[in-house]
Amino acid sequence: EAQVTQNPRYLITVTGKKLTVTCSQNMNHEYMSWYRQDPGLGLRQIYYSMNVEVTDKGDVPEGYKVSRKEKRNFPLILESPSPNQTSLYFCASSFKGAGGLGDTQYFGPGTRLTVL
Amino acid sequence: AQTVTQSQPEMSVQEAETVTLSCTYDTSESDYYLFWYKQPPSRQMILVIRQEAYKQQNATENRFSVNFQKAAKSFSLKISDSQLGDAAMYFCAYKITGTYKYIFGTGTRLKVLA
């Protein structure tokens with residue numbers, strides 16, 4: 001089944017304790033992205049990756065890191081989480097290409113993160 | 001700066017009736033994509049419909065259709081014959097062709113009344 005998976009789905013942690021949220025897709029998509037969703041703000045792009053070893057900042061990259069060493073994986077790293085990073089996080093992927101469903105993102109199930 | 005505005009935080013519709021959700025966007029680009037995503041209580045983001053800006057014909061997917069007015073920068077979603085399963089948060093989104101930057105609106109929560 002074609003899908004984007006995220007782990008963990010729920011995480012409660014404390015300020016300053018490094019954490020990683022994993023994201024994996026099995027559709028051979030070149031493009032992957034991370035978003036955070038906050039009430040009243042919609043989804044905001046954190047980082048995105050155009051392909052292996054190619055990443056760039058979105059609108060709200062502060063406090064986050066990413067890496068893309070393999071095409072299928074795009075982990076989100078919070079080196080020193082703070083309470084303002086409490087949010088719902090989504091990973092998404094799509095293939096490059098015009099026509100068809102190119103540029104249409106497929107989303108993972110979301111990760112609910114609480115930083116105390 | 002590109003922005004997407006959904007001016008209706010919440011809407012209600014009677015089952016089997018029709019409802020229209022509004023979305024406007026601001027851009028100076030001429031080539032882009034527009035999307036509507038549905039987020040039910042499960043939180044999963046589900047693509048509802050997709051429109052390419054260069055296509056004048058409005059996209060349709062079964063009971064879902066859009067009214068794309070490029071000059072007015074408007075992209076409204078019409079849901080016909082509303083069903084209880086349509087109750088969800090709906091997000092409008094925009095993407096410039098050739099970039100990987102997506103801009104989402106703040107969402108409209110749709111309630112379907114039995």
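Proteins come first, then strands; the chains are lettered A, B, ... in the order of their sequence lines, and each starts at number 1.
No part of B:Ile46 comes within reach of chain A, as not one of its non-hydrogen atoms sits under 4.5 angstrom from that chain. Only the side chain of B:Phe91 comes within contact range of chain A, with at least one heavy atom under 4.5 Å from a heavy atom of that chain. Contacts of B:Gln6 with chain A are absent, with no heavy-atom separation under 4.5 Å from either backbone or side chain. With a threshold of 4.5 angstrom between heavy atoms, B:Lys101 approaches chain A through its backbone and through its side chain. Looking at A:Leu43, both its backbone and its side chain come within 4.5 Å of chain B, counting heavy atoms on both sides. Proximity to chain B (any heavy atom under 4.5 Å) is shown, for A:Asp59, by both the backbone and the side chain.
Rounding to the nearest 0.5 Å places CZ of B:Phe35 at 7.0 Å from CD of A:Gln105. The structure places OG of A:Ser49 at 9.5 Å from OH of B:Tyr100, a figure rounded to the nearest 0.5 Å.
With contacts defined as side-chain heavy-atom distances shorter than 4.5 Å, the pair B:Arg43/A:Thr111 does not qualify.
Atom CD of B:Glu10 has more than 12 heavy atoms from other residues, nucleotides or ligands within 6.0 Å. Atom CD of A:Glu53 has more than 12 neighbouring heavy atoms from other residues, nucleotides or ligands inside a 6.0 Å radius. Annotation: A:Ile12, atom CD1; neighbour count of heavy atoms from other residues, nucleotides and ligands within 6.0 Å does not exceed 12.
Your options are A:Gln45, A:Arg44, A:Arg112, A:Met50, and the one with the most heavy-atom pairs under 4.5 Å with chain B is A:Gln45.
Placement of B:Leu110 and B:Met89 in two distinct hydrophobic clusters is found when ILVMFWY residues are connected by side-chain heavy-atom separations under 4.5 Å, directly or transitively.
Of the residues listed (A:Tyr35, A:Phe90, A:Tyr106), the one engaging B:Met45 in a side chain to side chain contact (heavy atoms under 4.5 Å, CB included) is A:Phe90, and it is the only one.
Closest heavy-atom contact between A:Phe107 and B:Gln44: O-NE2, 3.0 Å. Residue A:Thr104 comes nearest to B:Tyr102 through the heavy atom pair N-OH, 4.4 Å, listed as atom of the first residue, atom of the second, then distance.
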